[in-house]
Amino acid sequence: MAHKPSIPKGTRDFSPSQVSKRNYIFDIIKKHFRTFGFQPIETPSFEKSETLLGKYGEEGDRLIFKILNSGDFISKVDDVTYSSKKSNTIAPKISEKALRYDLTVPFARYVVMNQNELDFPFKRYQIQPVWRADRPQKGRFREFYQCDADVVGSKSFIQEIEFIQLYDSVFTDLGLKGVTIKMNNRKILAGIAEVIGAKNLLIDFTVALDKLDKIGIEGVQKEMLEKGISAQSIEKLTPLFSLMGGSLERLESLKQLLADSEIGLEGIKELTYIIKGVEALGLKSSKLGLDITLARGLNYYTGAIFEVSAPEGIAMGSIGGGGRYDDLTGIFGLKDVSGVGISFGLDRIYLVLEELNLFPENIENTLDVLCVNFGEDEAMTALQLISKLRESGVKADVYPTATKMQKQMKYANNRKVPYVILIGAQELENKTFVVKNMVNGEQTEYAMNAIEEFLKVL
RNA sequence: GUGGUUGUAGCUCAGCUGGUUAGAGCGCUGGUUUGUGGUACCAGAAGUCGCCGGUUCGAACCCGGUCUUCCACCCCA
């Protein structure tokens, strides 16, 4: 072997302990998806390029992994295109498929393709990896899992309320207390843009506003100026930064600022309804907050938008997000289907749970019982015992070779096995087995025909 | 995509302005202990110093390239 093997940038191998911890999170998320009435679907890892390209903005397109065509694909490119040396022109000729970038767009495609079979409102959840050709950072990978739940075919804001409860249920169950669910509404952002006269610069406007807590008011104003929003417009924005009070109070104040914007007022009405609903039902451990500056990148959101941030003091980007999109299926030819959904960022939740030491202790316990091997006859007897334990659902194993006891005990210790069974010559003769509790070192002898006694201890 | 950062034993890291046989802790192997792990003591193995090239009498150390890591942009889970 000339070089040590390695894996591509931004990808990871997962050890047994890491997989156990990841599954712990997956299982909890799935459990709550199901109890909220969502059904699972899966879609292919790769889609036709046309399905994905142009759905995430220019920046998104750049981050989509494109798959080279099979066969002698270069020879099929005409000379003019080939010699142009322009990636954007050549790429479509040599690549017709791309790795899925998120789960929402493939879901929209799925809904359109199966519109006649689905019962609307259709609630689905989907837990699969996605790929982005991004530059990796902490909590940012090129291959990572998304855990999505969406509802399509219902304009009711009860859905939004339920998604906030779903977030709360999952994070409470994970023991992650004090997460903040930030909420805003694209209609409010559109309203503000309209009122200040920057309607046609909505995207630049929201992107700049989104950075408020990072670069401050002056930074936001500077960026808006650079993007071509007039100083006059920016001036009109000032009252926005000094809104006071609770969510509902701030919405009330906002009403006056957006009095001339129909769409803005609509957004306020929606958020007021949702916040009142959530307040009436109550949250178990999360906090719901209104954040007028929350924008979120993806262009397809049209109504409420959510973003979940880790509890205070944890340096981690958002651990979940979502929102309502009124016309996602429209791009695939199915009009007037409103959808709303949320996503959990598994990898980041993992990092947060790890940092706060919130994984249950027994999660890495992959073996309950190890039987020491003393030799051929003893091992055969041990195997009979182990088989019975396995039938009762106990994770049990026999050490495969009769090496030194010290080595076998050490192996049990490293694997964090709570019980070691000893069957040596003496036990063989007495038809018994000795169980050693690896935590307190105590040993108990059981009769071979009284396995139930031992099962009670487990 | 832009700018920066990191890479030395299985792991975490030392290694002075380039100087001869590259170190520590943990882990691993063996022993003290031939039916007992987690503690202690003793001994031992293990590294083409990320990779390729250059400068130099001489490179882990300087220079260039490349891959990787992390960070700030961009964007986002």
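Reminder, nothing fancy here: chain letters follow the sequence lines and each chain counts from 1.
Comparing B:C76, B:G37, B:U68 against the side chain of A:Arg348 picks out B:C76 as the nearest. When each of B:G1, B:U68, B:U36 is scored by its nearest atom to the side-chain atoms of A:Met405, the top-ranked nucleotide is B:U36. When distances are taken from the side chain of A:Pro136 to each of B:G37, B:G35, B:C70, the shortest belongs to B:C70. Comparing B:C75, B:A77, B:C73 against the side chain of A:Arg132 picks out B:A77 as the nearest. The side chain of A:Lys404 lies closest to B:G30 when the candidates are B:G1, B:A77, B:G30.
By the 5.5 Å and 30° criteria, A:Phe374 is not stacked with the base of B:G35.
The pair A:Arg109-A:Glu47 counts as a salt bridge, with a side-chain nitrogen and a carboxylate oxygen less than 4.0 angstrom apart. Using a 4.0 Å cut-off between charged nitrogen and carboxylate oxygen, A:Asp173 and A:Lys31 count as a salt-bridge pair. Salt bridge A:Glu160/A:Arg324: present, at least one basic N to carboxylate O contact under 4.0 Å.
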Secondary-structure string, 5' to 3', Watson-Crick or G-U under 3.5 Å, | for another-strand partners, for RNA chain B: ((((..(..((((.....[...)))).(((((.......))))).....(((((..]....))))))..))))....

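On a pure distance criterion of 3.5 Å, no polar donor-acceptor pair joins the side chain of A:Gln406 and the base of B:G31. Taking only distance into account, the side chain of A:Asn413 meets the base of B:G37 through a donor-acceptor pair shorter than 3.5 Å. Contact annotation: side chain of A:Arg415 to base of B:G37, donor-acceptor pair absent below 3.5 Å. Side-chain atoms of A:Gln443 come within donor-acceptor range of the base of B:U36, with a qualifying N/O pair under 3.5 Å. Side chain A:Arg140 to base B:C75: a donor-acceptor pair is found below 3.5 Å. Between the side chain of A:Arg135 and the base of B:U2, a donor-acceptor pair under 3.5 Å is found. Judged by distance alone with a 3.5 Å cut-off, a donor-acceptor contact links the side chain of A:Lys436 to the base of B:U36.
Using atom P as the reference point in both B:U21 and B:G37, the two lie 43 Å apart (nearest Å).
A:Gly139 comes within 4.0 angstrom of a nucleotide base, judged by non-hydrogen atoms across all strands.
Evaluation of the side-chain hydrogen bond (donor to acceptor under 3.5 Å, both in side chains) test over residues 140-151 of chain A, restricted to residues two or more places apart or in two chains, returns A:Thr104-A:Asp148, A:Arg124-A:Asp150, A:Trp131-A:Glu143, A:Asp134-A:Arg140, A:Asp148-A:Ser343, A:Asp150-A:Tyr325.
With a 6.0 Å cutoff to the six-membered ring centre and a 45° limit on the axis angle, A:Arg22 counts as a cation-pi contact of A:Phe14.
Taking the six-membered ring for Trp and the full ring otherwise, the centers of A:Phe344 and A:Phe171 sit less than 6.0 Å from each other.
At B:C28, one or more side-chain N or O atoms of A:Asn414 fall inside 4.0 Å of OP1 or OP2 (strictly under the cut-off).
A:Tyr411 is linked by a ring pair (Phe, Tyr, Trp, His ring centres under 6.0 Å) to A:Tyr399, counting only residues two or more places apart in sequence or in another chain.
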